[in-house]
Amino acid sequence: MTAGTGEQRERDRGFDHTEVEPKWQRTWDEEDVFRIPDDAEDPEYVLAMFPYTSGELHMGHVRNYTITDAYARFERLRGESVLHPMGWDSFGLPAENAAEDRDTNPRDWTMKCIDSMTEQFKSMGFGYDWEREVTTCDPDYYRWNQWLFKRFRDEDLVERQGAELNWCPSCETVLADEQVEEGPGGAEICWRCDTPIDHREMDQWFFTITDYAEELLDCLDDLEGWPNNVREMQRNWIGRQEGASVAFEIPGHGDVDIFTTRLDTIYGATYFSLAPGHPVAQAIAEENDEVAEYIQEAEHADEDELDVTSGVFTGEYAVNPATGEEIPVYVADYVLTDVGTGALYAVPAHDERDHEFAEAHDIDIVQVVEPAEDADVDPEDVDVQEAAYPEDGVLVDSGEFDGLTSEEAREKFVEEFDGEHRTEYNLRDWGISRQRYWGTPIPMIHCEECGHVEVPDEDLPVELPEFVHTTGNPLDAAEEWKSVECPDCGGPAERETDTMDTFVDSSWYFLRFLSPDLDSAPFDSERAGDWMPVDQYVGGIEHAVMHLLYARFFTKVLDDIDLVDGIREPFTNLTNQGMVLGADGNKMSKSKGNGVSPQRIVDEYGADTARLFIMEAAQPEKEFAWSPEGVRSAYQFLQSVHGLAEEVAEGESETGDADGEDPVAGYVDREIAATTARATEEFEAFRFNHALQAVRDLVSLLRRYHERDGADADTVERGVRTVAKLLGPVAPHVGEEVWALLDGEGLLAEAEWPEADLPADYDVASRLVENTREDVRDIVETVGIEDPETITLAVAPEWKHRAHEFARDSDADNLVGALMGRDEIQRHGSDAADFAKDLQAEREALGEVLAPDEERAALERAAWLIAEEFEADVVVHSAADADDDLAGNAQPGRPAIRIE
RNA sequence: GCGAGGGUAGCCAAGCCUGGAAACGGCGGCGGACUCAAGAUCCGCUCCCGUAGGGGUCCAAGGGUUCAAAUCCCUUCCCUCGCACCA
């Protein structure tokens, strides 16, 4: 930074953030402003997704945490108890990698990161109850992962399954399905390191989240405080399919269950297809080399390597229970082992993939459904030999069932062919085993004699041993730690060396915040019943499926084992904050060099500037680009507010017209009230940028008024105090500073939010004023009046207002007639007739207007703005005071204007 | 392909649910005030025409409902995101 630049000088005149910000941070801390006592009743629970302990706060974090901090502060000012805690998602592979790179161990590295991040959080002025800090890698935390694992096991929600699993060769661990992403060319890659994954057959610990699939899906409909896209992503992920299963006999191999959503097409089944992984396919392979070869090929092929129509005839035939016919059995790669039952009957006439396959293998195509009468397709135009007809319709060629609709047939056939209704889900059980060190040890022991034995509760936590540098899993290398006595038989046994997926940690951390030090249970159940669910949860969209689904699952289980009282969803309202892009509009990245470090901005401009800029830039869900001009503008605005406060504080507190009759002060007063109302509404709706815009407008007005001769000092001071409060949630340090300058009572952080009622007729009056100002400008401009001296405004006469009101309420067919039938109007002769016609023309669109005297008062309050703008005298007349020429032009809500 | 969300002035973007003013803001541009000047700040203007507040044309395109449509309904086109050999 160059000393002596214009900006530097500017800064010397205003407040110095490097001094002001730490001062207030210390004060809040000393005063315990953000503490929430355990006996608080149903506080507002405001939560941001806790950060992974990378050691560095980036812009995304700053945005995330500014949003929750602003909202928490806002709610606190409104008199709510607010729970706004922070913790550390501190287990995970990056710590191990960092330890390897730096010749240290994951614990020390993580703790250092936490220290440094805590500093950064504090320098941003985020108001957390640090007494409730939670750290997942602390044995006092993860012992409860272990305890919960055992309770889940009591409920039969833990299973040991052998399965083919996703293995990341770089991370040397398995990954959950949710942690596998699609890379270039359709390859499956690791979500962390983008390494293409392998598949390995391993024994793993699973949480049987599928037991909750139905509820997890159904409850999404009621999560109205969640964004639609997140709910939709979860619906997709859970993937419910309603269908039926029916058995087909393959002689020599018994009954094979199929799953279908189109049981109505069963008469059109012309072949049968097994997934390569299906047990019957495997059995056939043992005697059939061609099948064995194909299976081998299919299992090792990468995506896209096999043709979509690839498959092999097995030589076997399945019996169609509907027709009694024998249809050929194929093994085909397009049938997936883990979808449905891994077996299906194929109906080429009514399924596009089956059609394609049938054409390639020269299999019959038999139509059994045709368009219903009310369909937009003519049955004549359907040629299933050409293309499949996959829509529902009416059955044909289906024996005695011809004429049934598809829907009726699906229902009927379940009974008819001895099948059953069945619901399939895409969701798989949650494999939580990870072959890594830096995680929660799974509290199990393997005994040769007794098998899998739990570690007794009194031996929890199973703590991690010293970290050793090794290839593979350090827990495997920790021989001494590994070897234990079997709790059941006392014989020699070995500890489980897998640790838990770190998503276990984050599935209930929001509950630990309620009672972080409790050592008899993971959390205080009674308090959970009162304080949960989280009212506002803010975090990134990347957790739409994994974290948010797991946390929902945990919450439901915890309720079912009576640890929480009737709370079945953890997060009532969810907001996904948008991305902060680089100034060039691209995602911030090292390679593009467009990143902005929060620390640099805080050093240079202060936390308040960063916070204000971020909150002004866009609504929380929207992305926005970093803008140096925007940052500077935020900084200057804060300086300007502070400057105004200083001037107000220094000025002699003379009161202009102390009697409160000054119409200009009245105007400013109404604007103060209106801004408060507007800002309050916008804060509530999470549209901070709109609230801040209103505050900026008010500050401009206050400055303008303050600089005016005879301005009422009380009014200005009241205005600036209001600004301090409205700005406080977003720019808390400057807010406190301004508050203190004006001798505010106590701390701003603990002050009371201002009353927020919109002044009477505010909207109508301000529209009147705006329109009138625009009209004056329009006239001056169009006519080209060089230097106006007097601007006269005249309000419309009473009778026009009455006529207007009458027209608004009237539903008379002939409005002109109805109006002219009224004596008070009719006696104004042709003026009345003309006006009545005008009213008739726009009768349906007539807006609300003020009464004549209110209209006049509103114009008088605002006259100073016009006077200043044109450096002219402004006179406001009632209809009676104005000369007839002028008054005649006036309409309700539209005063007559004369400019001389 | 299925699903969700979108398309608003030169650019970004509010409004749409709950129909009623060429349509909030911001950026950029233009004019003015302040200044020796520049910057910053403040006040205006920024679809077209207009010497008294007027007229014309507007919210992806087309159609419909209505006294009245950016807003409601239908059709088409385009964009973004999620899911997908899902039986």
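Fair warning: this is a prediction, and the values are worked out from it, not measured in the lab. First the proteins, then the strands, lettered A, B, ... as listed; each starts at 1.
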S.K.: Please state the C1' separation for the pair U66(B) and C72(B) - nearest whole angstrom.
M.R.: 10 Å
S.K.: Among A14(B), G54(B), C86(B), which nucleotide sits nearest the side chain of Q619(A)?
M.R.: A14(B)
S.K.: Watson-Crick or G-U wobble partner for G25(B), using a 3.5 Å limit on both distances?
M.R.: C12(B)
S.K.: Which value, in whole Å, describes the distance between the P atoms of nucleotides A60(B) and G7(B)?
M.R.: 8 Å
S.K.: With a sphere of 6.0 Å drawn around CD of E900(A), does it hold more than 12 non-hydrogen atoms of other residues, nucleotides or ligands?
M.R.: yes
S.K.: Parallel, tilted or perpendicular: which describes the rings of Y635(A) and F15(A), with under 30° parallel and over 60° perpendicular?
M.R.: tilted
S.K.: To the nearest 0.5 Å, what is the distance between CD on E623(A) and CG on L581(A)?
M.R.: 4.5 Å
S.K.: Could you give the distance separating C45(B) and A23(B) at their P atoms, to the nearest angstrom?
M.R.: 12 Å
S.K.: For nucleotides G1(B) and A61(B), find the distance between their P atoms and express it as a whole number of Å.
M.R.: 24 Å
S.K.: Among G53(B), G25(B), C85(B), which nucleotide has an atom closest to any side-chain atom of Q693(A)?
M.R.: G25(B)
S.K.: Using the C1' atom as the reference point in each nucleotide, state the distance between U80(B) and G26(B) in Å, no decimals.
M.R.: 23 Å
S.K.: Taking the six-membered ring for Trp and the single ring otherwise, decide whether the centroids of Y271(A) and F357(A) are under 6.0 Å apart.
M.R.: yes
S.K.: For the side chain of A896(A), starting at C-beta, report the closest nucleotide among A87(B), G53(B), G44(B).
M.R.: G53(B)
S.K.: Please determine, for the side chain of N771(A), which listed nucleotide (A21(B), G53(B), C43(B)) has the closest atom?
M.R.: A21(B)
S.K.: Measure from the side chain of R773(A), starting at C-beta and using heavy atoms only, and say which of A40(B), G53(B), C43(B) lies closest.
M.R.: C43(B)
S.K.: Which nucleotide wins on minimum distance to the side chain of Q241(A), given the candidates G50(B), C86(B), G54(B)?
M.R.: C86(B)
S.K.: Heavy-atom count around E868(A) CD within 6.0 Å, excluding the residue itself: above 12?
M.R.: yes
S.K.: Taking any strand in view, what nucleotide pairs with G44(B) in a Watson-Crick or G-U wobble way, both distances under 3.5 Å?
M.R.: C30(B)
S.K.: Output yes when a side-chain donor or acceptor of H421(A) lies under 3.5 Å from a complementary backbone atom of E242(A), and no otherwise.
M.R.: no
S.K.: Can you say whether a donor on the side chain of D778(A) sits under 3.5 Å from an acceptor on the base of G53(B), or the other way round?
M.R.: no
S.K.: Where the side chain of L336(A) is defined as all heavy atoms beyond and including C-beta, which of A4(B), C86(B), A14(B) is the nearest nucleotide?
M.R.: C86(B)
S.K.: At less than 3.5 Å, do the side-chain atoms of R687(A) and the base atoms of A14(B) form a donor-acceptor pair?
M.R.: no
S.K.: If you measure from the C1' atom in C42(B) to the same atom in G63(B), how many Å do you get, rounded?
M.R.: 49 Å
S.K.: Of all the nucleotides listed (C43(B), C85(B), A87(B)), which has the minimum atom distance to the side chain of V308(A)?
M.R.: C85(B)
S.K.: Quick one: which of A87(B), U51(B), A14(B) gets closest to the side chain of L344(A)?
M.R.: A87(B)
S.K.: Consider the side chain of N229(A), meaning its heavy atoms from C-beta on, and name the nucleotide among C45(B), A4(B), C43(B) that approaches it most closely.
M.R.: A4(B)
S.K.: Is there a Watson-Crick or G-U wobble partner for G54(B) with both distances under 3.5 Å, and which nucleotide is it?
M.R.: C49(B)
S.K.: Partner lookup for A4(B), please. Criteria are Watson-Crick or G-U wobble with both distances under 3.5 angstrom; report none if nothing qualifies.
M.R.: U80(B)
S.K.: On the nucleotide C86(B), are OP1 or OP2 found under 4.0 Å from the side-chain N or O atoms that R353(A) carries?
M.R.: yes
